[in-house]
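Along the sequence shown, the residues carry numbers beginning at 1. No hydrogens, no waters, no symmetry mates; every other heavy atom, side chains included, goes into these values.
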Amino acid sequence: MNSIFTRAACAWLDLRVATLLAATLLSTAAWAGRPLATDDASILDSGDCQVEAWHQRTGKLREWWGMPACGAGGWELAAGKGQSDNAILQAKTVLRQLHSNGWGIGLAIATQHGMARQHAVNLPLTMSFGSDALLLHLNAGWIRQPAASGRATWSIGSEYAFAPRWSVSLESYGSRHR
């Protein structure tokens, strides 16, 4: 009887794998941005909108986030909400436009309320190499929580497009004393 149950379980697994594979092959095209903590020196065009979503674990708190953003008058305005009482408001602009094989710089200001309250300022610098095949992002910022003194933040990230529809990303980030 165990051998029948085992065969049935294996058949069920094969069916799930085959269904997942078929769904993947039949899916339509999708576009996604890089899922990095390091920001880039670009904003959405006026009238364009996007939604960023992520899972975050902070200590024992695990939550899903959603953050819609839209471009308006030279600014990218975003408002996000997590499953807990946490919420984020962010405004970002470009101080120098990024061009191919050049560099650009932006300014982002954000405030988070709820269980984790903090205010942040970030200066993202993006450099383009090889006709945008390689993008290097450097961030310098400042973050302050109400009951603590402010601290400097930093991050470095890169994106390398090694094929027309494929790229790889790498990043490192942190803050003073963390």
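- Under the ring pair (Phe, Tyr, Trp, His ring centres under 6.0 Å) criterion, His99 pairs with no residue at all, not counting sequence neighbours.
- The side chain to side chain donor-acceptor pair (under 3.5 Å) test applied to Asn101 returns no partner, not counting sequence neighbours.
- For residues 90-148, there are no disulfide (SG to SG under 2.5 Å) pairs, not counting sequence neighbours.
- Sorted pairs that involve residues 108-168 and meet disulfide (SG to SG under 2.5 Å), not counting sequence neighbours, are lacking altogether.
- Remark: Gln97 engages no residue in a side chain to side chain donor-acceptor pair (under 3.5 Å) (not counting sequence neighbours).
- Taking CD of Gln90 as the reference point, atom CD of Glu52 lies at 8.0 Å (rounded to 0.5 Å).
- For Trp64, the ring pair (Phe, Tyr, Trp, His ring centres under 6.0 Å) criterion is met by His55, not counting sequence neighbours.
- By the side chain to side chain donor-acceptor pair (under 3.5 Å) test, Ser46 is found to be paired with no residue, residues two or more places apart in sequence or in another chain being considered.
- Sorted by first and then second residue, the pairs that involve residues 92-111 and meet salt bridge (Lys or Arg N to Asp or Glu O under 4.0 Å), not counting sequence neighbours, are Asp39-Lys92, Asp40-Lys92.
- Considering only residues two or more places apart in sequence or on other chains, Trp75 meets the side chain to side chain donor-acceptor pair (under 3.5 Å) condition with none of them.
- Residue pairs meeting the salt bridge (Lys or Arg N to Asp or Glu O under 4.0 Å) criterion with at least one member in residues 60-70: none, sequence neighbours excluded.
- Through chains of ILVMFWY side-chain contacts below 4.5 Å, Met67 is grouped with Trp54, Trp65, Ile88.
- Legend: salt bridge (Lys or Arg N to Asp or Glu O under 4.0 Å) pairs involving residues 64-88, not counting sequence neighbours: none detected.
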